[in-house]
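Working notes, structure below.
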Amino acid sequence: MVFHAAAVGVVMDPSTRSQRFFQHHSDDIICLAIHPNHDIVATGQVGVDPVIHVWRTSDCALLASIRGFHKVGIGALSFNKDGTQLGTVGLDPRHSIALYDWETGADVAGGMCKGTLLASAPGGTKRIYCCAYSPFDGRFIAGGDQLLKFFTLE
């Protein structure tokens, strides 16, 4: 079981009642997405320079840190069907959408991935609450206040 509390990602084993903690965020985590392999999680935080961390639940190891595109916060996250892409929605007034190849863009000094921005688009002025990749055709879908938008990466 994986959840977040304030700026901490928590992995709990209900059978043993033990917990592991992911503590790399600098502000409150407000969204979480689980990778198709069920061992990798992406978490997004609120803040002026919000960061998305991708980490492994088995040992809470940081795999990637993505920042720079979104401002104000990350409102929603989703991995695509094979887990190679990560779609994100920002809390900025345009509710910006970004699609990343989260496993690329290595930070040579830190030895971790920084992600490669594949595409971005404004989501619109209405608040977006959730996002997902279609399992059928791979389109990125964003939903919110009287809103359902479909995006295709070309």
Side-chain angles (χ1 to χ4, degrees), residues 1-92 95-121 123 127-136 138-144 149 151 153:
M1 175 186 312
V2 181
F3 59 95
H4 55 88
V8 178
V10 182
V11 182
M12 180 176 172
D13 182 344
S15 63
T16 63
R17 294 184 172 188
S18 63
Q19 295 180 340
R20 288 183 303 285
F21 303 101
F22 178 80
Q23 300 181 58
H24 291 271
H25 282 283
S26 59
D27 210 330
D28 289 351
I29 298 170
I30 57 173
C31 59
L32 180 145
I34 298 176
H35 189 278
N37 75 6
H38 302 286
D39 185 40
I40 295 173
V41 171
T43 46
Q45 73 179 46
V46 71
V48 176
D49 184 25
V51 64
I52 301 161
H53 287 310
V54 182
W55 50 283
R56 201 169 37 238
T57 61
S58 56
D59 59 2
C60 293
L62 180 61
L63 303 175
S65 287
I66 302 167
R67 65 173 9 123
F69 177 78
H70 290 295
K71 304 297 176 208
V72 183
I74 315 300
L77 302 163
S78 182
F79 286 101
N80 68 344
K81 187 177 180 179
D82 65 6
T84 58
Q85 289 181 19
L86 181 64
T88 64
V89 178
L91 294 179
D92 59 281
H95 300 99
S96 299
I97 292 173
L99 306 179
Y100 293 95
D101 176 344
W102 69 270
E103 297 178 285
T104 61
D107 174 2
V108 177
M112 78 175 83
C113 301
K114 290 172 30 176
T116 300
L117 182 64
L118 301 174
S120 65
R127 176 83 192 263
I128 296 174
Y129 296 106
C130 60
C131 63
Y133 280 89
S134 167
F136 305 107
R139 288 187 293 178
F140 184 75
I141 305 164
K149 286 192 172 188
F151 299 87
L153 184 63

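Throughout, residue positions are numbered sequentially from 1 according to the sequence presented. Note: hydrogens, waters and symmetry copies are ignored here, and every other heavy atom, side chains too, is used. Bear in mind that the values here come from a model prediction, so they are computed numbers and not experimental data.
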| request: Take Leu32 and Ile34 through the test side chain to side chain contact (heavy atoms under 4.5 Å, CB included) and record every step on the way to the result. | output: CA-CA 7 Å; Leu32 180 145; Ile34 298 176; 3.9 Å; yes
| Phe21 CZ to Cys60 SG distance, which is reported to the nearest 0.5 Å | 9.0 Å
| query | About how many Å separate NE2 of His70 and CD1 of Ile97, when rounded to the nearest 0.5 Å? | reply | 8.5 Å
| task | Please say whether more than 12 non-hydrogen atoms of neighbouring residues, nucleotides or ligands are located less than 6.0 Å from CZ in Phe136. | result | no
| How long is the gap from OG1 on Thr104 to CG on Leu118, to the nearest 0.5 Å? | 7.0 Å
| query | Side chains of Tyr100 and Val54: does their closest heavy-atom pair fall under 4.5 Å? | reply | no
| Does a side chain donor of either Thr43 or His4 reach within less than 3.5 Å of an acceptor in the other side chain? | no
| query | Can you tell me how far the OG1 atom of Thr116 sits from the CH2 atom of Trp102, to the nearest 0.5 Å? | reply | 12.0 Å
| Any sub-3.5 Å donor-acceptor pair from His35's side-chain atoms to Gly83's backbone N or O? | yes
| query | Are any side-chain N or O atoms of Thr88 and backbone N or O atoms of Ala98, one a donor and one an acceptor, separated by less than 3.5 Å? | reply | yes
| field | Any Val2 side-chain heavy atom under 4.5 Å of Phe22 side chain | value | no
| query | Okay, side chain of Asp39, backbone of Ser58: is any donor-acceptor separation there less than 3.5 Å? | reply | yes
| task | Answer whether the closest heavy-atom distance between the side chains of Phe69 and Ile52 falls below 4.5 Å. | result | no
| Would a distance-only check, ignoring hydrogens and angles, find a side-chain to backbone donor-acceptor pair under 3.5 Å from Asn80 to Gln85? | yes
| Going from NE2 on His53 to CZ on Arg67, what distance comes out if it is rounded to the nearest 0.5 angstrom? | 6.5 Å
| Gln45 side chain vs Ser26 backbone, donor-acceptor pair below 3.5 Å | yes
| said: Keeping Arg56 on the side-chain end and Leu63 on the backbone end, is there a donor-acceptor pair under 3.5 Å? | reply: no
| query | Can you name the nearest heavy-atom pair linking Gly44 to Leu77, along with the distance? | reply | N-CD1, 3.6 Å
| remark: Output for pair (Ile40 CD1, Leu86 CG), nearest 0.5 Å, gives 11.0 Å
| query | Checking side chain to side chain contact (heavy atoms under 4.5 Å, CB included) for the pair Leu91/Arg127: CA distance, chi angles, key distance, verdict? | reply | CA-CA 8 Å; Leu91 294 179; Arg127 176 83 192 263; 3.5 Å; yes
| query | Mind checking whether Cys131 and Phe140 have side chains closer than 4.5 Å, heavy atoms only? | reply | yes
